[in-house]
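Here's the structure, in structure tokens; my notes come after.
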Amino acid sequence: MTTLRIDVPYMARVEGEGALNIIVEDGEIKHLELNIFEPPRFFEAFLRGRHFMEAPDITARICGICPVAYQMSSSHAIEKILGVQISPEIRALRRLLYCAEWIESHALHIYLLHAPDFLGYESAISMAADPALRPAVEMGLRMKKIGNDLLALIGGREIHPLSPTVGGFYRAPTRKELLALKPELEWGLEASIKTVAWTATLDFPDFEPDYELVSLRHPDEYPMNEGRVVSNLGLDIPMEAFEEHFIDDHVPHSNAVHVYHRDHGSYLTGPLARLNLNLDKLTPLAKQALEETGHQFPSRNPFKSIVARAVEVVLAYEEALRIIDAYVRPEPSRIEAEPRAGWGCHITEAPRGMLYHRYELDDQGLILSCRIDAPTAQNLKRMEDDLWAFVPQVLALPHDEATLRCEQLVRNYDPCISCATHFLKLNVVEK
Amino acid sequence: MKAPKRKIKPEKRTKPKLAVIKFTSCDGCQLSLLDAEDALLDVADAVEIAYFVEARDRRLPGPYDVTLVEGSISMPEHIEQIQEIREQSKFLIAIGACATAGGIQALRNWRNVDDFVRMVYAHPEYIDTLETSTPISEYVQVDFELRGCPINKHQLLDVVTSLLIGKQPRTPTYSVCMECKRRGTPCVMVSKGVPCLGPVTQAGCNAICPSVNRGCFGCYGPMEAPNTESLGQHLLDIGAAPGEVVRLFRNFSGYAEDFRLASDAFEEMMA
């Protein structure tokens with residue numbers, strides 16, 4: 001009997017702590033598990049009794065890479081409860097802030113976390129030590145920095161921004177402050193177009209599993225803050241129906257709670273799903289950059305997520321420049337909200353996919369209960385299903401290479417394990 | 001703030017080894033290193049990034065010259081792990097509110113953790129967690145602490161640079177108020193009546209919250225010898241509800257001793 005064990009006790013280049021264990025005997029997968037040993041932090045529990053104005057600040061701490069997503073989903077959900085209508089100017093500034101987060105988060109993943117897999121390096125640090133590749137790493141870092149600079153200008157700081165809140169912003173930037181960033185954003189737009197072309201030259205394994213792709217869809221624009229939940233299998237529901245369709249499942253043999261679609265099981269959310277479902281909403285240069293790759297989209301090859309991410313960076317730069325050109329400073333920057341009892345939910349598109357928040361408030365504005373479904377919690381089941389389908393393809397490879405390919409498959413999702421963990425059953429794995 | 005006990009002397013041939021370790025946290029503080037885009041490659045040239053799982057596959061064994069520890073201690077296995085990391089580290093820096101005060105997840109310390117587990121997980125019997133979330137210094141000697149939720153990346157680079165040139169790192173121990181004065185930000189509490197923890201909170205963030213018209217929520221934790229009682233009373237005087245004062249102190253650095261005692265005292269007052 002030949003046994004192959006793929007054992008990655010502490011996976012690198014992902015956000016948070018996870019492990020991969022696969023056992024194959026005589027060509028048959030006997031055991032496959034994506035272990036999450038990231039410690040739980042109980043956000044849904046300690047949010048109870050906190051004031052609604054604290055929800056964007058506290059939930060931001062679920063994730064250091066995508067805090068804006070948490071601030072957006074929580075603010076929108078609470079505004080629905082309180083009947084707050086934000087102005088078009090605040091809406092535009094929120095979209096600009098989201099562009100900034102997509103840029104910094106995607107550039108981080110493309111260049112620092114994911115590119116090493118395709119190019120055969122253990123890290124971007126090693127890539128940068130190669131004179132041939134150092135310019136690419138430097139370009140990626142500069143693209144990321146521009147996103148962070150925009151984020152810090154609007155949000156007050158890059159990580160855990162403090163200006164975004166329920167009803168808008170504690171302070172909105174001036175037009176002059178934003179215009180000062182335009183030259184760098186224009187450079188970033190050019191760099192992002194080159195990035196798409198470069199990702200298109202990478203070597204993609206031949207792998208197209210049968211996915212349900214789920215994302216928001218908005219009639220007028222590429223989805224970020226608003227829209228209906230749609231899928232390639234015909235799903236088209238309002239956000240309020242999310243919990244009827246998407247179920248938290250605590251599988252006994254698994255170490256994780258998986259979110260799955262009631263009708264179709266595992267599904268994919270994130271850049272690849274968004275792009276596939278919103279190709280007609282791409283901005284002109286993003287559309288052109290994608291067409292010039294020669295890759296056929298829609299595509300269900302998860303390895304091409306890096307292309308989707310790069311296209312979304314072009315879109316985010318393009319949108320950022322458009323919003324800045326049309327920018328009118330919101331006045332007031334924040335719509336005041338009076339407490340009232342009720343419940344509300346909202347989904348926004350985090351860099352890694354749909355982020356669902358639902359709150360129930362009492363008449364004093366204190367949180368009675370909440371539910372948060374992070375994108376990675378939604379993708380976990382899909383990651384395991386991908387691995388089941390993919391492992392047979394790599395069995396012939398040398399062990400190290402097979403292991404790396406499996407890790408790369410998981411990194412396609414840009415998993416954010418800190419985000420996912422307040423849902424996950426914990427399994428202690430020795431480091 | 002503890003005085004550093006050991007110094008790192010730059011060696012002539014080998015680069016100092018840096019390790020970045022994570023416990024219970026959001027990854028934001030270690031991300032600050034990757035967010036120092038202009039300096040990251042210089043740092044990588046100057047030090048051997050020997051262990052940094054979020055950024056690289058390759059892991060070199062200890063001992064490490066400088067170890068940055070993010071996150072709080074909240075799991076049974078963490079206790080042994082932090083002791084081993086301490087043994088492997090010449091100079092150990094706790095970074096961020098989780099590592100220096102237990103973080104926002106230390107809110108569990110006021111409650112029964114089993115209730116929390118039941119609220120969040122369908123099968124609570126699978127969850128094995130400590131009763132409390134506490135700072136690194138609760139378990140091992142810490143050589144330096146960098147405050148904040150998240151830390152300030154410029155402070156991080158300053159501290160690492162100081163160690164590289166054999167200088168003792170320093171961070172301010174005065175309050176956020178000093179930074180507002182320096183920036184010329186009008187006091188939000190005086191001019192707008194907004195509750196603000198600035199007078200008792202350690203500086204280091206450059207007083208960002210007041211600069212965007214909101215009160216400081218104390219993410220850098222207590223300054224040296226803060227007068228929390230007087231500030232809390234003032235917040236009540238300007239119209240804050242007692243519950244609001246409790247929540248303000250019981251926040252990202254709420255389990256730091258001075259803030260903990262303050263929130264407990266005002267909570268008792270409410271009862």
Side-chain angles (χ1 to χ4, degrees), chain A residues 10-17 39-46 48 50-51 54 57-58 61-65 67 104 108 112-113 116 122-126 128-129 134 137-138 141-142 144-145 148 156-160 162-163 165 169-171 248 250 257 418 422-423 425-428 431, chain B residues 22-32 34-35 37-38 40-41 44 49 53-59 71 74-78 81 103-105 107-108 111 113 115-117 119-123 126-129 133 149-150 152-153 205 208-209 211-214 217 219 244 247 251-252:
Chain A
Y10 186 2
M11 209 181 308
R13 288 185 277 119
V14 298
E15 196 267 356
E17 299 176 295
R41 288 181 291 161
F42 311 111
F43 275 84
E44 291 94 333
F46 63 64
R48 296 183 184 190
R50 304 299 297 207
H51 193 266
E54 297 181 291
D57 294 323
I58 293 179
R61 268 68 183 181
I62 291 174
C63 178
I65 299 186
E104 64 83 15
L108 169 76
L112 297 188
L113 308 183
E122 61 80 36
S123 71
I125 300 162
S126 296
R134 192 170 178 109
V137 178
E138 285 173 343
L141 283 170
R142 186 168 163 193
K144 171 169 155 353
K145 180 179 158 62
N148 270 332
R157 63 181 164 200
E158 303 92 327
I159 300 168
H160 303 330
L162 36 87
S163 181
T165 188
F169 294 82
Y170 285 100
R171 178 188 182 273
D248 283 351
H250 207 154
V257 175
S418 304
H422 50 297
F423 296 98
K425 171 184 162 283
L426 200 81
N427 187 29
V428 178
K431 281 184 203 178
Chain B
K22 171 187 155 64
F23 289 98
T24 305
S25 65
C26 77
D27 277 46
C29 289
Q30 55 176 309
L31 184 68
S32 298
L34 299 179
D35 271 1
E37 291 97 356
D38 294 330
L40 180 63
L41 297 182
I49 300 178
V53 177
E54 187 174 356
R56 70 189 315 171
D57 300 1
R58 194 202 64 182
R59 285 154 232 196
S74 78
M75 304 295 286
E77 68 274 19
H78 286 171
Q81 287 165 353
I104 191 69
Q105 60 274 15
L107 290 178
R108 75 163 77 165
R111 303 278 290 278
V113 77
D115 291 343
F116 270 28
V117 173
M119 276 183 223
V120 180
Y121 292 91
H123 288 284
Y126 294 134
I127 302 295
D128 184 15
T129 178
S133 166
C149 183
N152 176 326
K153 68 184 176 192
C205 62
I208 331 172
C209 285
S211 81
V212 303
N213 311 313
R214 70 180 293 190
F217 48 84
C219 76
E244 192 180 350
R247 287 195 301 272
N251 212 315
F252 305 104

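Below, chain A is the first sequence line, B the second, and so on; all start at residue 1.
If you tally non-hydrogen atom pairs under 4.5 Å between each of B:I104, B:N213, B:L40, B:N251 and chain A, the highest count goes to B:I104. The residue among A:A124, A:A45, A:S123, A:P67 with the most heavy atom pairs within less than 4.5 Å of chain B is A:A45. Ranked by heavy-atom pairs shorter than 4.5 Å toward chain B, the options A:R48, A:H51, A:R157 are led by A:R157. Heavy-atom pairs under 4.5 Å with chain B peak, among A:E138, A:E122, A:R50, A:K145, at A:E122. Contact count versus chain A (heavy atoms, under 4.5 Å) is highest, among B:D38, B:N152, B:T24, B:D57, for B:D57. With respect to chain B, the highest number of heavy-atom pairs below 4.5 Å among A:R142, A:R13, A:E54, A:E104 belongs to A:R13.
Here the CZ-CD1 distance, from B:R59 to B:I49, works out to 14.5 Å after rounding to the nearest 0.5 Å. Separating the SG atom in B:C26 from the CZ atom in A:F43 is a distance of 7.5 Å, to the nearest 0.5 Å. With values rounded to the nearest 0.5 angstrom, A:E17 atom CD is found 8.0 Å from B:D27 atom CG.
If you measure heavy-atom distances from B:S211 to chain A, the contacts under 4.5 Å come from the backbone alone. For a residue to count as touching a neighbouring chain, one of its non-hydrogen atoms must lie under 4.5 Å from one of that chain's; by this rule A:I58 touches chain B with backbone and side chain alike. In this structure, the portions of A:I65 lying under 4.5 Å from any heavy atom of chain B include both its backbone and its side chain. For A:R134, the part sitting under 4.5 Å from any heavy atom of chain B is the side chain, from C-beta outward, and nothing else. Only the side chain of B:C219 comes within contact range of chain A, judged by heavy atoms closer than 4.5 Å.
Side-chain contact of B:R214 with A:T165: a donor-acceptor pair under 3.5 Å is absent, judged by distance alone.
Using modelled atom types, no side-chain atom of A:E158 and backbone atom of A:N148 make a donor-acceptor pair closer than 3.5 Å. Without hydrogens or angle criteria, B:K22 side chain to B:E54 main chain gives no donor-acceptor distance under 3.5 Å.
Annotation: side chain of A:K144 is in contact with side chain of B:D35 (closest heavy-atom distance under 4.5 Å).
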